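The structure displayed is predicted, hence computed values, not measured ones. Atoms considered below: every heavy atom in the structure, side chains included; atoms not considered: hydrogens, waters and symmetry mates.
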Amino acid sequence: MIPGPDYVYECPKCGQFIAKESMMSGNTFEATIYSDGKTEAPMLLDTPEITRCRACGKIFWLGKSKLIGSYDWKSKTKSGLWFSDRARFLTLTEYFMALNSGLAENPDEELYIRRRIWWAYNDRIRRDREGRLFLDDEDKENWKMNCDELLRLLDPEIINHRIMAAEIHRNLGDFEECKKLLQPIQSEIYDFLKSRLLYECDNSNRLVVPLKSND
């Protein structure tokens with residue numbers, strides 16, 4: 001992976017500088033793709049669209065905030081911008097806070113946040129295949145509510161949305177609805193994914209699974 005410049009944004013509440021990394025080039029070597037669509041790749045940069053200011057606690061969209069400037073990662077000392085904080089991904093609790101504050105102003109923004117919440121729950125299984133998906137009953141209720149809201153946002157006429165909806169239904173334990181969504185998909189591109197999800201349904205597995213690794 002070859003890093004690109006760091007872009008520095010201003011917190012809309014307190015003016016703190018927050019830097020977001022970028023990438024000039026990368027690859028999928030040793031990447032792992034999961035059934036929920038998340039890809040973990042050491043040679044690809046994943047950067048947040050939303051972050052939280054460490055100085056004042058404001059949660060905001062980086063792309064909607066003021067861009068102050070940028071600096072090359074090789075020459076940080078040539079600009080005072082390199083003193084900025086680093087943009088980070090939100091925690092699960094903070095994503096719910098973002099939704100409750102009305103940060104999502106349209107369906108696409110809500111979809112981004114709710115998908116990240118879905119992934120954050122599944123990260124518990126990615127980190128530990130024998131781990132727990134839920135911490136307690138309230139946590140489970142929040143997960144279920146988010147899954148239901150995700151399904152509301154998805155358009156089954158869009159193939160990626162259909163696949164996501166199928167996976168969510170599998171996570172919910174609605175294996176027949178998952179199969180119903182997958183069966184009409186007739187494309188070699190999705191053959192492996194389709195057969196794997198159908199296999200997991202037949203085995204009553206609700207948890208996220210790795211699909212394949214690129215090495």
Side-chain angles (χ1 to χ4, degrees), residues 1 3-24 26 31-34 36-42 44-71 73 81-127 133-135 138-139 141-155 158 160-161 164-165 167-168 171 208:
M1 181 180 71
D6 283 9
Y7 292 93
V8 179
Y9 298 87
E10 183 180 77
C11 171
K13 182 176 181 180
C14 72
Q16 176 78 4
F17 286 178
I18 300 176
K20 178 181 177 181
E21 297 173 288
S22 70
M23 179 180 67
M24 291 182 64
T32 302
I33 303 170
Y34 291 90
D36 62 358
K38 186 175 183 181
T39 298
E40 293 185 340
L44 283 178
L45 183 66
D46 187 19
T47 57
E49 299 299 322
I50 305 173
T51 196
R52 189 177 192 183
C53 178
R54 288 181 175 85
C56 69
K58 174 73 173 177
I59 298 175
F60 62 97
W61 294 96
L62 286 159
K64 291 185 176 182
S65 61
K66 183 179 180 181
L67 178 63
I68 300 300
S70 64
Y71 58 84
W73 67 279
L81 297 177
W82 73 280
F83 288 104
S84 16
D85 281 337
R86 312 295 295 178
R88 64 169 177 84
F89 286 101
L90 300 184
T91 64
L92 182 57
T93 298
E94 289 169 338
Y95 279 123
F96 278 117
M97 289 170 58
L99 285 174
N100 293 335
S101 70
L103 191 69
E105 296 180 338
N106 57 61
D108 286 341
E109 291 179 351
E110 184 180 354
L111 179 59
Y112 173 86
I113 296 174
R114 292 199 179 281
R115 190 180 191 190
R116 285 286 173 176
I117 290 173
W118 183 39
W119 285 356
Y121 274 104
N122 286 341
D123 284 345
R124 295 171 177 174
I125 304 302
R126 274 184 270 267
R127 289 193 299 267
L133 184 59
F134 313 117
L135 303 180
E138 182 181 1
D139 195 37
E141 289 176 8
N142 289 335
W143 168 83
K144 172 66 164 55
M145 176 273 295
N146 188 68
C147 287
D148 290 341
E149 291 300 310
L150 257 179
L151 290 172
R152 175 183 60 81
L153 292 165
L154 298 174
D155 180 357
I158 300 172
N160 288 337
H161 282 205
M164 193 187 308
E167 174 67 354
I168 293 169
N171 293 163
V208 65

Test side-chain hydrogen bond (donor to acceptor under 3.5 Å, both in side chains) applied to D139 - qualifying residues, sequence neighbours left out: Y121, R124
Any residue meeting salt bridge (Lys or Arg N to Asp or Glu O under 4.0 Å) with R115, in chain and number order, not counting sequence neighbours: none
Residues which pass side-chain hydrogen bond (donor to acceptor under 3.5 Å, both in side chains) with E138, listed by chain and number, not counting sequence neighbours: none
CD1-SG distance between I117 and C147, expressed to the nearest 0.5 angstrom: 10.0 Å
Heavy-atom closest contact (L67 atom, V8 atom, distance): CD1-O, 3.4 Å
Listed partners of N160 passing side chain to side chain contact (heavy atoms under 4.5 Å, CB included), at least two apart: Y190
Inter-residue atom distance K64.NZ - L62.CG, 0.5 Å rounding: 12.0 Å
S101: partners by side chain to side chain contact (heavy atoms under 4.5 Å, CB included), with sequence neighbours left out: L103
Rounded distance [0.5 Å steps], NE2 in H161 versus CD1 in I168: 10.0 Å
Short side-chain to backbone donor-acceptor contact, R126 and W119, under 3.5 Å: yes
From C11 atom SG to K66 atom NZ, the distance as rounded to the nearest 0.5 Å: 13.0 Å
Test side-chain hydrogen bond (donor to acceptor under 3.5 Å, both in side chains) applied to E141 - qualifying residues, sequence neighbours left out: none
Test item: side-chain donor near acceptor, N171 and W118, under 3.5 Å: yes
Within-4.5 Å side-chain heavy-atom neighbours: L154 and L111: yes
With F89 via ring-ring contact (aromatic ring centres under 6.0 Å, His included) - residues at least two apart: none
Inter- and intrachain pairs under salt bridge (Lys or Arg N to Asp or Glu O under 4.0 Å), touching residues 49-61, at least two apart: K20-E49, R52-E94
Residues K144 and D148 bridged, charged N to O under 4.0 Å: yes
Counterpart residues, ring-ring contact (aromatic ring centres under 6.0 Å, His included), relative to W61 (two or more places apart): Y112
Residues in side-chain hydrogen bond (donor to acceptor under 3.5 Å, both in side chains) contact with N142, at least two apart in sequence or another chain: none
With sequence neighbours excluded, residues passing side chain to side chain contact (heavy atoms under 4.5 Å, CB included) with D108: N106
Considering all heavy atoms, the nearest L90-A98 contact: CD1-CB, 4.4 Å
Salt-bridge present (D46, K38; N to O < 4.0 Å): no
CD-CG distance between E167 and L150, expressed to the nearest 0.5 angstrom: 11.5 Å
CD1 on I33 to CD on E40, rounded to 0.5 Å: 11.5 Å
F60: ring-ring contact (aromatic ring centres under 6.0 Å, His included) partners, not counting sequence neighbours: none
Chi angles and distances behind the side chain to side chain contact (heavy atoms under 4.5 Å, CB included) call for L92, F96: CA-CA 7 Å; L92 182 57; F96 278 117; 3.9 Å; yes
